[in-house]
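Computed from a prediction, not measured in an experiment: that's the story for all the values here. Here is the naming used below: chain letters follow the sequence lines, and residue numbers restart at 1 for every chain.
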There are 2 protein chains.
Amino acid sequence: MTETTRRERLRAETEREILHQARALLVGGGREAVTLRAIARELGITAPALYRYYDSREDLLQRMCDDICGDLAAELSADLATMSAQDTIGQVFAVCRGFRHWALAHPQEFALVFGSPDLVTTSCADGEANRATHDPFGRIFLTVAGRVLATHRIEPPADSAVPRQLHTDLVTFRDSLIAAMAEQGIAIPTDVLSLGTVFFMLQFWVRLYGHVALEVFGCFPFAVSDPEPLFDSMLADLAAEVGLVSGN
Amino acid sequence: MTETTRRERLRAETEREILHQARALLVGGGREAVTLRAIARELGITAPALYRYYDSREDLLQRMCDDICGDLAAELSADLATMSAQDTIGQVFAVCRGFRHWALAHPQEFALVFGSPDLVTTSCADGEANRATHDPFGRIFLTVAGRVLATHRIEPPADSAVPRQLHTDLVTFRDSLIAAMAEQGIAIPTDVLSLGTVFFMLQFWVRLYGHVALEVFGCFPFAVSDPEPLFDSMLADLAAEVGLVSGN
DNA sequence: ACGTTCGGTGAACGGTGTTTACAGAGTTGA
DNA sequence: TCAACTCTGTAAACACCGTTCACCGAACGT
């Protein structure tokens with residue numbers, strides 16, 4: 001079907017199985033438990049055979065990162081598919097809540113992809129500037145954000161309120177953002193993507209990621225028996241900050 | 001001096017050296033590089049000897065967490081000592097900036113203490129409810145926050161704006177907060193520690209931790225060449241949100 | 001002075017990543 | 001069809017890891 005020769009089919013199958021077992025080990029015992037020998041054992045082969053598929057353990061972990069990102073993106077996409085296409089604000093909220101739920105349900109995966117100081121995920125690694133427009137998970141965020149911008153007038157911070165040192169970075173991001181949006185058939189008038197708007201998107205992500213990381217890593221200053229209301233109040237704050245009402 | 005017998009002195013010395021070398025390995029190669037054999041090699045002893053000091057590698061890592069927290073607290077305390085005792089708001093800002101700078105300068109330590117899904121640091125492990133009032137780093141935050149509350153009138157969110165589900169947790173935290181403050185000689189009238197105030201402190205920490213974690217883990221959606229203005233604008237936002245002006 | 005405790009060693013066990021030489025099946029082309 | 005070649009696997013080996021065990025000598029309390 002998808003592949004021509006028989007060898008290629010078997011190889012793809014094995015590759016899938018390797019990643020699958022690696023994920024199971026990650027979930028069960030964290031990053032340190034993802035062992036070449038353990039993976040091989042589960043597959044009924046020997047450890048050196050894995051070197052036909054990956055350069056090293058580190059390389060395998062890297063590929064697993066991409067795999068995880070893809071799964072997360074797929075899960076969020078599935079959630080979105082069940083929603084009204086009209087309610088673009090609701091879609092943003094759904095993606096945010098979906099991200100949180102995924103992270104809480106998959107703490108080890110989250111720690112690997114979003115909580116490792118060294119490997120910067122490098123992802124596609126073609127350009128270097130923007131991650132979000134390339135990695136499949138980031139694209140979902142930008143898509144729903146773009147749909148809101150295309151359907152609602154928001155009240156972003158004034159451009160004058162954006163720290164000067166961020167200007168060039170924000171402009172660069174805005175450009176690749178418009179390009180990525182256009183690729184998905186979402187036309188954003190360049191004037192609604194003001195510097196203040198892009199700045200707000202950055203702040204939005206900082207707070208979203210921050211809350212989720214805090215919760216996954218259990219770094220609350222005291223025991224919070226149910227952090228969900230805190231999360232929801234943060235989302236409401238963010239929406240209110242730019243004059244969005246969840247109703248319409 | 002501090003210890004009576006000669007054996008105790010030597011033991012304390014060795015214990016210090018173990019943690020010191022373990023830290024060096026952590027900084028150089030992350031958690032996985034902290035190896036009993038490598039530590040022993042640096043000390044000129046054999047690996048099994050370390051079991052006279054720690055139950056296991058995991059136990060050693062745990063102690064190292066506490067050690068790191070202590071160092072962070074010491075560094076922040078030193079910063080505070082150079083500041084005017086009057087400018088309590090400036091002290092809060094200094095602690096926040098100090099936390100960020102420490103995290104960026106010590107990413108591996110940060111990842112170990114503030115970015116591990118499994119071991120919840122357990123820290124003192126006596127009570128279970130509140131972490132901040134026990135661990136030395138949390139106490140610094142609470143101290144400077146307490147000083148602001150004792151010297152300034154702030155405009156916290158109304159109690160009615162606090163999600164109902166958080167009430168009991170917040171009340172519990174407030175009580176242990178007042179107790180911890182009193183221990184340090186800071187008297188907080190219980191009426192300034194409204195539910196809204198404690199809620200704001202929680203939100204404050206979420207945003208502070210969130211930004212720092214994001215930066216350490218490099219999870220920006222695009223390349224931000226200098227994130228410091230973003231951090232500073234967040235601090236200004238937080239202060240403005242409760243009506244604090246940095247001047248007085 | 002004696003027995004005990006403490007901090008250290010060396011050998012061993014099973015597990016790990018990685019390299020090397022080698023074997024066999026799948027594929028390709030004359 | 002058959003030879004050349006590529007691809008996927010193996011087995012052995014190396015160096016390293018955490019951990020346990022038996023043992024030893026110096027420091028310690030009585």
Ring pair (Phe, Tyr, Trp, His ring centres under 6.0 Å) partners for A:Phe141, two or more places apart: A:Phe137, A:Trp205
A:Thr143: partners by side-chain hydrogen bond (donor to acceptor under 3.5 Å, both in side chains), with sequence neighbours left out: A:Gln184
Those residues that, when tested against B:Arg174, pass side-chain hydrogen bond (donor to acceptor under 3.5 Å, both in side chains) (two or more places apart): none
Pairs meeting criterion salt bridge (Lys or Arg N to Asp or Glu O under 4.0 Å) with involvement of residues 36-55 of chain B, two or more places apart: none
Any residue meeting ring pair (Phe, Tyr, Trp, His ring centres under 6.0 Å) with A:Phe231, in chain and number order, not counting sequence neighbours: A:His211
Tabulate protein N/O versus nucleotide N/O from nucleotides 7-11 of chain C, keeping only pairs under 3.5 Å, one per line.
| unit_1 | atom_1 | unit_2 | atom_2 | d |
| --- | --- | --- | --- | --- |
| C:dG7 | OP1 | B:Arg11 | NH1 | 3.0 |
| C:dG7 | OP2 | B:Arg11 | NH1 | 2.6 |
| C:dG7 | N7 | B:Arg52 | NE | 3.3 |
| C:dG8 | OP2 | B:Tyr53 | OH | 2.7 |
| C:dG8 | N7 | B:Arg52 | NE | 3.0 |
| C:dG8 | O6 | B:Arg52 | NH2 | 2.0 |
| C:dT9 | OP2 | B:Thr46 | N | 2.7 |
| C:dT9 | OP2 | B:Thr46 | OG1 | 2.6 |

Atom-pair distance (CD on A:Glu32; C1' on C:dG15), nearest Å: 14 Å
N/O donor to acceptor pairs below 3.5 angstrom from side-chain atoms of residues 13-27 of chain A, sequence neighbours left out:
| unit_1 | atom_1 | unit_2 | atom_2 | d |
| --- | --- | --- | --- | --- |
| A:Glu13 | OE1 | A:Arg16 | NH2 | 3.3 |
| A:Thr14 | OG1 | A:Leu10 | O | 2.9 |
| A:Arg23 | NH1 | A:Asp67 | OD2 | 3.1 |
| A:Arg23 | NH1 | A:Asp71 | OD2 | 3.4 |
| A:Arg23 | NH2 | A:Asp71 | OD2 | 3.0 |

Interatomic distance, B:Leu50 atom CG to B:Ser56 atom OG [nearest 0.5 angstrom]: 11.5 Å
Rounded interatomic separation in angstrom, taking CZ from A:Arg57 and C1' from C:dG17: 9 Å
Give every donor-acceptor pair under 3.5 Å between a side-chain atom in residues 218-227 of chain B and any protein atom, sequence neighbours left out.
| unit_1 | atom_1 | unit_2 | atom_2 | d |
| --- | --- | --- | --- | --- |
| B:Ser225 | OG | A:Asp169 | OD1 | 3.3 |
| B:Ser225 | OG | A:Asp169 | OD2 | 2.6 |
| B:Asp226 | OD1 | B:Glu228 | N | 3.2 |

Outermost nucleotides of DNA chain D that come under 4.0 Å of a non-hydrogen atom of chain A: D:dT6 to D:dA13
Atom pair distance, as rounded to whole Å: CG in A:Leu61 and P in C:dG17: 10 Å
